[in-house]
Amino acid sequence: MASQSISEIMSTVDNFISIGDWESALQYLMKENTQQPNSVLEQQLVDLRIRAFRESKWPAPDVKWPPAHDVLPSKGSDLPEINPDSLNVDSLRSGIMGNGGLIVRGLMDSHTVDTMRDNIDRTLVDRQSGGGNSDSSEQAWYKRSTQVKGGPTQFFALGRERSSESGSVWAVDSPRVASQLIEFYHSINLPGLLNAYFSEPATLSVKKWVLRKVAPNNGSKSGWHQDGRFLGDGIRTVNLWIALTECGGDSKSPGLDIVGGENRKIYETGTQGAPFDWTVGQGLVDGLGPESPALCPKFSPGDALFFDHYNLHRTAFGDDHTENRYALESWFFAASRAPAKQIPVYF
Ligand SMILES: O=C(O)CCC(=O)C(=O)O
Ligand SMILES: [Fe+2]
């Protein structure tokens with residue numbers, strides 16, 4: 001794409017922004033970038049999405065919360081499972097609030113799954129080599145937005161070397177991946193679904209939108225945690241976790257352990273065998289009883305799990321795993337209650 005075209009595109013974007021029309025600015029920029037993906041436009045998309053949230057108003061809706069919901073049928077104590085066709089505001093509310101989680105089989109198509117796995121590998125390699133090294137015709141797979149201030153220069157498991165073999169990366173640190181993911185979310189009408197769920201727009205965030213490649217048997221242990229423990233009071237959330245490789249159950253790579261059920265409270269941390277002061281001990285989880293079973297669902301590539309900040313969960317490390325596990329973690333917040341510390345990202 002000639003640089004003239006980019007400046008023309010950006011001038012149209014600036015016109016929308018000058019009248020405060022962030023939605024049109026971002027829709028237009030996203031459309032132009034979809035037609036001809038370009039690293040300059042992708043970086044602009046990330047930067048402007050962070051600005052758009054900060055510079056827009058997010059009035060709180062007047063709604064009863066939690067809203068009315070059912071409990072979905074499931075096999076025994078398992079989480080309910082549906083196909084993408086049955087995903088709507090009712091099944092999402094019932095699954096998350098009534099059952100403690102909802103599995104949607106095959107939510108991401110296999111082409112996008114393959115692309116995302118490849119994206120994660122490229123991003124980890126580019127991060128390891130310093131990031132932003134590619135010339136303008138190549139993609140810079142890892143590049144920190146100037147709109148992200150005060151964060152770590154990289155994000156990786158505590159005490160671990162930055163590696164291209166495995167790790168976690170903020171999605172916004174890879175502008176191309178962030179753009180492709182938002183295109184995918186729009187293609188399945190996630191903005192509309194979450195708007196209905198929250199009765200207001202949903203937002204992503206810099207810090208709770210993560211690409212993951214988890215190595216098998218890497219010596220890690222992870223404690224049970226609830227994201228509601230550290231994301232702040234009064235939040236409303238939906239986490240969309242998507243497996244990009246087969247994992248969990250009796251498979252060869254670490255899935256996600258999750259406690260199902262209707263319990264919606266924040267549990268005590270740092271006791272009953274908890275390895276860290278912010279995690280919940282195994283003893284406490286064992287004592288929750290049959291209403292709150294600890295599950296390790298088996299996922300195929302493209303399967304999704306929806307849950308929220310009340311769910312106890314952890315990476316399901318096991319000794320008998322041999323394969324890497326790739327996954328995407330996307331926490332969505334009701335916009336009027338989104339924690340500023342997580343750096344909301346308009347989507
Ligand atoms: O993918 C994992 O292993 C951890 C995910 C997680 O903690 C989350 O999605 O909040
Ligand atoms: Fe988590």
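The figures here come from the full heavy-atom set of this structure, side chains too, leaving out hydrogens, waters and symmetry mates. Whatever order the structure lists ligands and atoms in, that order sets their numbers, starting from 1.
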Q) Between the candidates Ile258, Val210, Asn239, Leu231, which shows the shortest non-hydrogen contact distance to atom 9 (O) of ligand 1? A) Asn239

Q. Given the side-chain rings of Tyr142 and Trp170, with only the six-membered ring counted for Trp, is the space between their centroids under 6.0 Å?
A. no

Q: Determine, step by step, whether Trp209 and Phe347 satisfy the ring-ring contact (aromatic ring centres under 6.0 Å, His included) criterion, reporting the C-alpha distance in whole Å, the side-chain angles of both residues, the deciding distance to 0.1 Å, and the verdict.
A: CA-CA 12 Å; Trp209 186 19; Phe347 108 103; 8.3 Å; no

(Q) I need the atoms of ligand 1 closer than 4.0 Å to a non-hydrogen atom of Arg212, numbered in the order shown. (A) 1 (O), 2 (C), 4 (C), 5 (C)

Q: Establish, yes or no, whether a centroid distance under 6.0 Å links the rings of Phe198 and Phe332.
A: no

Q. Which ligand 1 atoms, with their elements, are less than 4.0 angstrom from a heavy-atom of His225?
A. 7 (O)

Q. Nearest protein heavy-atom contact for atom 5 (C) of ligand 1: which residue, which atom, what distance?
A. Glu329 OE1, 3.5 Å

Q.
As an exercise, identify every atom of ligand 1 less than 4.0 angstrom from a heavy atom of Trp331.
A. 8 (C), 9 (O), 10 (O)

Q) Quick one: which ligand 1 atoms are inside 4.0 Å of a heavy atom on Thr315? A) 2 (C), 3 (O), 4 (C)

Q) Taking NZ, NE, NH1 and NH2 as the nitrogens, is one of them in Lys143 or Asp173 under 4.0 Å from a carboxylate oxygen of the other? A) no

Q: Determine whether the side chains of Gln282 and Asp286 contain a donor N or O and an acceptor N or O closer than 3.5 Å.
A: yes

Q. Quick one: which ligand 1 atoms are inside 4.0 Å of a heavy atom on Asp227?
A. 10 (O)

Q: Determine, using ring centers only, whether Phe306 and Tyr197 are less than 6.0 Å apart.
A: no

Q | Closest His225 atom to the Fe ion (ligand 2) [N, O or S only] | A | NE2

Q) Is it the side chain (CB and beyond), the backbone, both or neither of Val214 that lies under 4.0 Å from ligand 1, heavy atoms counted? A) neither

Q | Cationic N near anionic O, under 4.0 Å, Lys208 to Asp227 | A | yes

**Q.** ligand 1 to Arg314 polar contact by distance, N or O atoms, under 3.5 Å
**A.** no

Q. Any N/O of Arg325 closer than 3.5 Å to an N/O of ligand 1?
A. yes

Q: Determine whether the side chain, the backbone, both or neither of Leu256 has a heavy atom under 4.0 Å from any heavy atom of ligand 1.
A: side chain

Q: Run the salt-bridge test on Asp47 and Arg51 with the 4.0 Å N-O cut-off and return the result as yes or no.
A: no

Q.
Among the N, O or S atoms of Asp227, which one sits nearest to the Fe ion (ligand 2)?
A. OD1

Q. Mind checking whether Tyr346 and Trp58 have ring centres under 6.0 Å apart?
A. yes

